[in-house]
Amino acid sequence: QKKELQKADGENLRSPICCIMGHVDTGKTKLLDCIRGTNVQEGEAGGITQQIGATYFPAENLRDRSRELKADVKLKVPGLLVIDTPGHESFTNLRSRGSGLCDIAILVVDIMHGLEPQTIESLNLLRMRNTEFIVALNKVDRLYGWNTCRNAPITKAMKQQSQDVQNEFKRRLIQVTTQFKEQGLNTEVYYDNKEIGKTINIVPTSAVSGEGIPDLLLLLAQWSPKTMVEKLTYSNVVQCTVLEVKGLEGYGTTIDVVLVNGVLHVGDQIVVCGMQGPIVTTIRVLLTPHPMKELRVKGACLHHKEIKGAQSIKIAAQSLEHAIAGTGLYVVGPNDDLEVVKESAMEDMNSVMSRTDKS
Ligand code: GDP
């Protein structure tokens, strides 16, 4: 496959892929629900997210919802693909798999608890992979005496608070920035941040009443293309990772993948890494969830003839039973040597295994 020559000129950008990380119970699921405007928590076993799902936010949606901030958002990315990461401790492997794909991340910290063990673990993963992130300082509504301002920008909401609440907020904010400093990171609440790019932005949020959510969406949308034009310049070379392997009634074993770059077509010959060697198969069906719905929520799916990255997709094909999550998916092009592609696919096995060993 020849890489289409693309100038990194800010045109033709793909959607950034974002993941939500942080300690258990900081509100990752709730935050995703809140920015999605739906509730998937009830559809989960025991409230624990055991799978990686993804939600795609079209750019207009982000723009509409941060309109109140009156920022001049000229979004050149088509949207934002948010990967949900499980909040349970035993899913470190899934978390590291998710974070490897991400262009940007939201690190959720509970304002009442500050940095916790998994916050630090997430932080280390992000640093290891050089992934930029925003800190969502969540649960501000838990500050004693908080006056709810549903879905308001955070500065507006803050003005509605008593002096006591504002003082308490500042005290806790200082605590958290100090804890980050102890981890070697400079952080600052975003509206006071004079060193964007150097100092990490903190956005105070409530995933329950929505304060600060417009700010978070705006920062995600605005900041990612600015700092990552090169990384986000769309390339036609397929870059695709298998997130999950599972059965779907009527389709047999399917794989959920994140297509970062390139186009997949029905009928493409693909190779994925399998437990018993490379799996060579042909894409039979390409499915995406309905816009604004998550892959793992049952509901209407859209069938596609082809799909362009970045998108999360379900693929139905034969012989996928032994596919290994966390590995790459390769398309065999007309000029490719199948044996070489098979080798590349199997190389991923080692990286997945070594990653699992470490975690
Ligand atoms: P996760 O483990 O990080 O995914 O956390 P969840 O999203 O499951 O949230 C854990 C608990 O905190 C749930 O009971 C949520 O309702 C609650 N929660 C999450 N975000 C907020 C928030 O902003 N404010 C308040 N008061 N509770 C929250």
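Only a predicted model underlies this, so the values are computations on that prediction, with no experimental measurement involved. All ligand and atom numbering here is 1-based and tracks the order in the structure.
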Quiz item: Between Asp103 and Arg14, is a salt bridge (charged side-chain N to carboxylate O under 4.0 Å, His left out) present by the stated rule, with each step listed?
Solution: CA-CA 11 Å; Asp103 302 303; Arg14 65 172 171 82; 3.0 Å; yes
Exercise. Answer yes or no: does an N/O atom from Val24 fall short of 3.5 Å to an N/O atom of ligand 1?
Key: no
Self-check item: Region of Thr26 that comes within reach of ligand 1 [heavy atoms, distance under 4.0 Å]
Solution: both
Quiz item: Which of the numbered atoms in ligand 1 are below 4.0 angstrom from a heavy atom of Asp25?
Solution: 1 (P), 2 (O), 3 (O), 5 (O), 10 (C)
Practice problem: Just let me know how Arg142 lines up against ligand 1, side chain, backbone, both or neither, with a heavy-atom cut-off below 4.0 Å. | Solution: side chain
Quiz prompt | Ligand-residue contact atoms, ligand 1 with His23, heavy atoms, under 4.0 Å | solution = 3 (O)
Exercise. With atom 25 (C) of ligand 1 as the reference point, say which of Thr205, Leu143, Val208 has the nearest heavy atom.
Key: Val208
Quiz item: Knowing that exactly one of Ile315, Ile313, Ile307 qualifies, which makes a side chain to side chain contact (heavy atoms under 4.5 Å, CB included) with Ile283?
Solution: Ile315
Quiz item: Nearest 0.5 Å, what's the CZ-CG distance between Phe133 and Leu125?
Solution: 11.5 Å
Quiz item: What atoms of ligand 1 come closer than 4.0 angstrom to any heavy atom of Ala207?
Solution: 20 (N), 22 (C), 23 (O)
Quiz item: Under 4.5 Å between any side-chain heavy atoms of Thr177 and Ile202, yes or no?
Solution: yes
Quiz item: Does an N or O anywhere in Gly27 fall below 3.5 Å from an N or O of ligand 1?
Solution: yes
Quiz item: With a 4.5 Å limit on heavy-atom distance, are the side chains of Val176 and Leu137 in contact?
Solution: yes
Practice problem: Please say which of Val258, Leu329, Thr327, Val260 ends up in a side chain to side chain contact (heavy atoms under 4.5 Å, CB included) with Cys240. | Solution: Leu329
Quiz item: Judged by non-hydrogen atoms, does Ser206 sit under 4.0 Å from ligand 1?
Solution: yes
Quiz item: So which of Ile111, Asp141, Ile213 gets nearest to atom 24 (N) of ligand 1, if we judge by its closest heavy atom?
Solution: Asp141
Practice problem: Check the pair Thr199 / Asn186 against side-chain hydrogen bond (donor to acceptor under 3.5 Å, both in side chains), numbers first and verdict last. | Solution: CA-CA 5 Å; Thr199 303; Asn186 288 329; 5.0 Å; no
